[in-house]
Amino acid sequence: MSELLKIPFSENFIESLSDYVCENHDSTDFSSICVVFPGIRPSHFFLESLKKKIPGAFIPPARFSIDGWMQYLFATLRDERIPKGDFDLIYLMYRAIVESSPDEKSPLMKLTGSFNNYIHWGRKILSAMEEFEIQSRKEINTDELTDYDELFLAWARDFWKHFGLIRDKFYYFLKENNLTYRGEIYRFTSENIEKISELIPFEKIIFAGFYALNKSEERMMRYLFTQGKADIIIQSEAVKGIVPKTSPFYFHKKWEQDWGVSFKETNKKATEKPHLEIHQCFDTHSEMLTAEEILSTFNKKDKNTAIVLPDSASLIPLISEIIRTNKNDFNITMGYPLKRTSLFNLLKYIFSLQRTKKKDKDKTLYYIKDYLNLIQHPWIKTIKTPEDKEPFSVLINRLEKTLVSANREKARNFFSPEEIFKLISKENFKKHFEDKESLSVMINLLQKIHSLSIEAFNDIDSLKSGSEKLHDFISFIYENSNIRRYPLNNQFIGTVFEKLEELKKSLFSNVKFADNLDIITLLESYLLTLRIPFIGEPLKGIQIMGMLESRNLNFEQIILLDVNENIMPTLYKFDPLLPHGLRKLIGLPGYEENESIYAHNFYRLISGGKKVHLIYKEGKLRDVDKNIKSRFIEKILWDKEKNKENQIIDNRIFKPRVEIPEEKEIRKSEKVLEKLKNLEYSPTKIDTYIKCPLQFYYRYVLELEEYMDIEEEIERSTIGKFIHDFLKDYYTPFTGKKIQIDISGFSRKLKEKLEREFSEGGGQILLREIIGRTLMRFIEYENMRSLDADIFIRNLEEPVSGVFEAAEPEEGTDKKFKVKGRIDRVEETGGILHVIDYKTGTVIKPAKKQNSEIDLSRNIIKKKIKSLQLPIYVYLYSKNKNLPIDKIQAEIFNIRKPREKNILPVENMELFLEALTFILNEIVNPDVSFSPDAGDYCEFCPYNLMCSEG
């Protein structure tokens with residue numbers, strides 16, 4: 001037979017193939033026939049097609065993927081086994097390189113200085129050797145490398161120069177362990193096909209649906225074809241003239257020329273062109289919404305439907321959007337990268353904790369950001385507690401607040417587990433839990449998590465022990481949480497368990513490491529490359545599949561997503577081991593051939609459908625590269641234009657239903673009014689209301705706490721708290737006495753406290769420097785003041801409180817409000833008392849000139865008076881000490897700028913107290929709602945998402 005059977009793109013390939021088998025075989029026993037496909041998936045559809053065409057029982061043909069077929073042929077002469085994963089192969093390649101390089105100082109030996117350094121490139125090296133062997137290249141002439149030296153990494157050049165030695169040593173290690181791999185299987189099988197063919201038990205082999213063949217496949221198939229043992233059936237179209245390398249028919253044309261064969265086309269059935277629609281979207285979410293809308297228009301009775309994803313990153317968004325809202329059965333058949341899963345994120349936090357930990361004497365300290373990432377992971381927070389106990393997330397949320405508070409107070413980023421549990425044991429932590437038994441249960445759970453996720457990895461010394469610890473941790477989470485309710489999680493975990501088992505049994509598993517971080521790096525590198533294989537029921541429901549999984553299959557209703565450049569087709573990426581020029585020189589396929597394969601799969605798929613929808617993204621989003629429609633879509637549009645056909649692109653613009661809220665106002669209920677009347681008012685609360693009534697409502701009426709995150713940089717709050725505490729400690733011995741500044745003593749005490757409080761490196765070094773300089777500048781000015789006049793300290797951190805009687809003009813009565821505050825310092829100079837407030841940040845103070853005859857309103861107070869903090873302090877101190885208000889001065893000490901004068905104009909105290917009266921009366925006025933007050937600060941308001949002004 002010198003003809004290859006050709007089935008047009010428009011016909012159903014599987015149906016045509018089953019017709020061919022039935023027409024050329026009289027018996028219902030097909031056991032003498034074997035059918036080989038590029039992948040295993042089409043064999044399921046092929047068998048189903050035979051069932052529909054053959055009445056009664058029959059013995060089906062043997063069915064193989066091409067990989068399975070090559071392994072089957074290899075096994076007729078050889079008995080080596082293929083390792084389950086590629087880790088053993090990567091390790092043996094590592095040994096081969098180490099023992100084959102004569103120069104210990106060569107770049108290649110530097111790469112393999114440790115297995116840790118090598119692991120990232122090990123898989124790429126193995127892949128390069130595999131491709132080299134499959135394409136049956138004997139060896140690279142080292143002279144051929146010189147033209148490409150500037151394209152090679154130094155170690156890559158070394159690898160190819162020693163390739164022969166490395167390959168021989170690699171095969172030696174494979175044989176020593178009775179192992180083989182895909183590259184050797186293909187090369188050996190193709191080189192020995194004459195001998196192997198005599199051992200093949202099938203009378204007829206059918207190679208079905210192949211397009212681009214590697215050299216090993218071509219040699220094997222061509223020999224069996226010329227010997228009359230094999231038929232070849234392809235799916236293609238007739239083309240004339242010169243066919244470029246990027247054509248979807250290039251490789252079939254090459255077969256025709258190289259093999260000297262012709263194509264016999266099946267009786268072409270009259271078929272309509274597919275109804276094609278093209279949709280332009282602006283992001284992934286709009287793609288999914290478009291796909292969902294298209295799916296709703298499809299014929300529900302027609303089960304021959306596929307959603308094809310060239311980019312696996314779209315799988316989870318698709319599942320979230322479509323399966324959630326659609327009642328049809330779905331089947332997923334494609335690979336998904338583990339690195340995109342919640343499971344990998346969880347494991348990554350464990351690895352990060354080990355990588356960033358540090359020793360402090362006899363304690364191990366962990367980076368608090370990584371620790372919080374770990375315990376706040378959804379899989380951890382949802383660990384189950386007994387039904388009658390509080391959920392575990394309650395403890396996690398409280399622990400987060402406690403650690404953030406500790407981080408901000410001390411500017412510490414590292415804590416030991418002992419310190420964490422010490423914080424939990426304190427009363428101010430326990431007081432948040434009414435059920436102490438629940439708290440005990442949750443603490444025990446947290447200790448278990450610590451043991452499995454932190455402490456367990458401190459002592460790992462081999463790949464086996466590291467894999468076992470990961471397995472133990474994941475098992476605990478799986479058994480004690482509800483993650484199994486999400487079906488994909490079962491697939492994620494099952495795959496990781498399988499791979500960890502492979503690592504535990506690998507040749508490398510018991511090799512000892514001095515540093516556990518080497519094992520952490522190995523585990524993370526290995527898991528980073530894993531893909532989750534979704535293998536469902538291929539004959540049931542709507543098919544969700546990758547582009548490769550769609551090979552040889554036809555669907556009547558097709559949604560093809562992500563038809564963009566760099567996805568369809570993928571762009572060429574620089575390969576430091578096999579640069580494009582070198583690939584061409586030694587006869588390996590390059591990016592042009594790769595584009596041809598993409599084009600063949602694309603046009604074959606869409607040509608066989610009835611309703612085809614192509615969806616692509618257009619435009620630039622944030623920092624990502626600009627999305628551009630695929631060249632395949634451009635060609636479709638160009639061909640339509642040449643044929644004077646009109647192809648409309650559906651530009652998807654989703655208009656979400658957005659209700660623009662009117663300015664938000666919260667009316668005061670009786671319950672709220674009661675709370676406001678009994679509230680104890682501080683200067684901070686009063687100033688918050690002046691700035692924005694709605695913010696006051698959220699913070700002090702609803703008591704919504706501001707979310708606080710870990711400080712990555714130095715915060716003003718940390719600096720301010722330290723300075724306040726230190727100045728109180730320093731001035732306390734002078735209470736009731738004249739201050740006498742000892743600058744050297746001040747400096748010594750400051751240095752000691754800074755080193756004690758901020759002992760970590762990194763940002764704390766800068767923090768010590770900032771605080772030190774700020775306070776030394778301040779004390780030098782204080783010393784100058786004390787030399788000019790006698791200064792007596794009367795009070796430090798003085799708590800003041802009292803009842804403020806706010807006159808209500810309309811009612812002719814006074815309302816009484818509880819008011820409190822804490823004065824940083826009260827000093828006496830020249831017989832005058834000074835109420836002092838320290839500021840380390842922005843200074844907000846009343847204007848010096850005030851108009852006492854203005855009509856008061858909150859906006860006027862906000863603009864002119866700005867803050868009532870100092871007036872409140874003066875009022876309360878005068879009441880508490882029974883002193884006339886006019887005998888008290890008030891000022892702000894700007895610690896950063898000590899020479900700055902920030903004195904309260906006491907002559908306006910009457911106006912300030914009127915303003916306080918106005919504000920307090922307005923707060924409890926039922927006719928005045930809490931409304932937002934827009935300003936520059938809205939951007940930084942913790943409640944801006946709840947407010948129309950935000």
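Keep in mind the model is a prediction, meaning the values are calculated, not measured. Numbering of residues begins at 1 and proceeds along the displayed sequence.
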| query | Passes salt bridge (Lys or Arg N to Asp or Glu O under 4.0 Å), Glu218 versus Lys215? Steps please. | reply | CA-CA 5 Å; Glu218 184 177 359; Lys215 292 291 191 294; 5.2 Å; no
| task | Dump the intermediate steps for salt bridge (Lys or Arg N to Asp or Glu O under 4.0 Å) on Lys169 and Glu176, then the final yes or no. | result | CA-CA 10 Å; Lys169 185 64 71 172; Glu176 186 178 55; over 6 Å; no
| request: For side chain to side chain contact (heavy atoms under 4.5 Å, CB included), just list the numbers for Leu174 and Leu89, CA-CA rounded to whole Å, side-chain angles, deciding distance to a tenth of an Å, and then say yes or no. | output: CA-CA 8 Å; Leu174 287 174; Leu89 298 174; 3.6 Å; yes
| said: Before you tell me yes or no, could you show the steps for Arg583 and Gln135 under side-chain hydrogen bond (donor to acceptor under 3.5 Å, both in side chains), namely the whole-Å CA-CA distance, both residues' side-chain angles and the distance that decides it to 0.1 Å? | reply: CA-CA 11 Å; Arg583 295 181 71 89; Gln135 295 292 356; over 6 Å; no
| Should Leu577 and Ile125 be marked as a side chain to side chain contact (heavy atoms under 4.5 Å, CB included) after you check the CA-CA gap, both sets of side-chain angles, and the distance that decides it? | CA-CA 7 Å; Leu577 271 171; Ile125 292 172; 3.9 Å; yes
| Working for side chain to side chain contact (heavy atoms under 4.5 Å, CB included), residues Val21 and Phe30 | CA-CA 9 Å; Val21 171; Phe30 296 93; 3.7 Å; yes
| field | Pair Asp158-Leu111, side chain to side chain contact (heavy atoms under 4.5 Å, CB included): steps then yes or no | value | CA-CA 11 Å; Asp158 272 2; Leu111 175 74; over 6 Å; no
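Between Trp255 and Phe225, the distance separating the two ring centers is not shorter than 6.0 angstrom. Checked against the 6.0 Å centroid criterion, the rings of Phe163 and Phe132 qualify as a close aromatic pair. For an aromatic pair to be called close, the ring centres must be under 6.0 Å apart, and His252 with Phe210 fails this. With ring centers used as reference points, Phe632 lies under 6.0 Å from Tyr603. In this structure, His471 has its ring center closer than 6.0 angstrom to the ring center of Phe497. The distance between the ring centers of Phe170 and Tyr181 falls below 6.0 angstrom. When ring centroids are compared, Phe508 and Phe513 come within the 6.0 Å threshold.
Atom NZ of Lys6 has more than 12 neighbouring heavy atoms from other residues, nucleotides or ligands inside a 6.0 Å radius. Within 6.0 Å of atom CD in Glu203, 12 or fewer heavy atoms from other residues, nucleotides or ligands are found, so the atom counts as exposed in its surroundings.
Nearest heavy-atom pair, Pro38 versus Asn552, reported as atom, atom and distance to 0.1 Å: CD-OD1, 3.1 Å. Pairing each heavy atom of Ser247 with each of Ser596, the nearest pair is O-OG, 2.5 Å. Of all heavy-atom pairs spanning Phe9 and Gln235, the tightest one is CE2-O, 3.3 Å. Across all their heavy atoms, Trp69 and Cys34 have their closest contact at CZ3-SG, 3.6 Å. Scanning all heavy atoms of the two residues, the minimum distance from Leu503 to Ser509 falls at O-CB, 3.2 Å. Heavy-atom minimum distance, His120 versus Lys124: NE2-CE, 4.1 Å.
We find that Glu595 and Lys245 are not joined by a salt bridge, their nearest charged nitrogen and carboxylate oxygen being 4.0 Å or further apart. The pair Glu130-Arg187 fails the salt-bridge criterion, with no side-chain N (NZ, NE, NH1 or NH2) lying under 4.0 Å from an Asp/Glu carboxylate O. Using a cut-off of 4.0 Å between Lys/Arg side-chain N and Asp/Glu carboxylate O, Glu468 and Lys504 are scored as not salt-bridged.
With hydrogens and angles ignored, the 3.5 Å screen pairs no side-chain donor or acceptor of Lys348 with any backbone N or O of Lys339. In this structure a side-chain-to-backbone donor-acceptor pair under 3.5 Å is missing from Asp311 to Asp562. A donor-acceptor pair under 3.5 Å is formed between the side chain of Thr521 and the backbone N or O of Leu517. Side chain of Asn594 to main chain of Gly590: no donor-acceptor pair is present (N/O by atom type, distance under 3.5 Å, no hydrogens or angles). When atom types are taken as modelled, the side chain of Glu3 and the backbone of Val261 share no donor-acceptor pair closer than 3.5 angstrom. Proximity of a side-chain donor or acceptor of Lys229 to a complementary backbone N or O of Ser197 within less than 3.5 Å is detected. One N or O on the side chain of Glu549 and one on the backbone of Gly546 form a donor-acceptor pair closer than 3.5 Å. Under a 3.5 Å cut-off, the side chain of Asn117 and the backbone N or O of Gly113 do not form any donor-acceptor pair. Of the possible donor and acceptor atoms, one in the side chain of Glu502 sits under 3.5 Å from a partner among the backbone N and O of Gly85. Judged by distance alone, the side chain of Thr189 and the main-chain N or O of Tyr186 form no donor-acceptor pair under 3.5 Å.
Side-chain contact check for Glu80 versus Leu179: every heavy-atom pair is 4.5 Å or farther apart. Between Glu133 and Glu184, every side-chain heavy-atom pair lies at or beyond the 4.5 Å cut-off. Side-chain contact check for Asn510 versus Leu463: every heavy-atom pair is 4.5 Å or farther apart. Side-chain contact between Pro42 and Ile14: present, with at least one pair of heavy atoms (C-beta onward) separated by less than 4.5 Å. Using a 4.5 Å heavy-atom cutoff, the side chains of Ser43 and Phe37 are in contact. No side-chain heavy atom of His162 sits less than 4.5 Å from a side-chain heavy atom of Ile97. Using a 4.5 Å heavy-atom cutoff, the side chains of Leu338 and Thr495 are not in contact. Proximity of Leu470 to Phe457: side-chain heavy atoms (C-beta onward) are separated by under 4.5 Å at one or more points.
Ring orientation note: the planes of Tyr94 and Tyr118 are tilted relative to one another, at an angle of 30° to 60°. Phe115 and Phe87 have perpendicular rings, their planes meeting at more than 60° on a 0 to 90° scale where under 30° would count as parallel. A tilted orientation is assigned to the rings of Phe534 and Tyr336, their planes being inclined by 30° to 60°.
No hydrogens or angles considered: nothing links the side chains of Arg78 and Thr180 as a donor-acceptor pair under 3.5 Å. Between the side chains of Thr333 and Asn331, at least one donor-acceptor pair of N or O atoms lies under 3.5 Å. Between the side chains of Tyr211 and Asn601, no donor-acceptor pair of N or O atoms lies under 3.5 Å. A donor-acceptor contact closer than 3.5 angstrom is absent between the side chains of Asp67 and Ser65.
For the pair Arg95 and Phe173, the distance from NZ or CZ to the six-membered ring centre is under 6.0 Å and the angle to the ring normal is within 45 degrees. The cationic group of Arg219 does not satisfy the cation-pi geometry with Tyr223, failing either the under 6.0 Å distance to the six-membered ring centre or the 45° limit from the ring axis. Within the cation-pi definition used here (under 6.0 Å to the ring centroid, within 45° of the axis), Lys253 does not qualify as a partner of Phe249.
Take Phe473 and apply the ring-ring contact (aromatic ring centres under 6.0 Å, His included) test, not counting sequence neighbours, and it matches no residue.
Each salt bridge (Lys or Arg N to Asp or Glu O under 4.0 Å) pair with one or both residues in residues 512-528, not counting sequence neighbours, appears once here: Arg355-Glu524, Asp461-Lys512.
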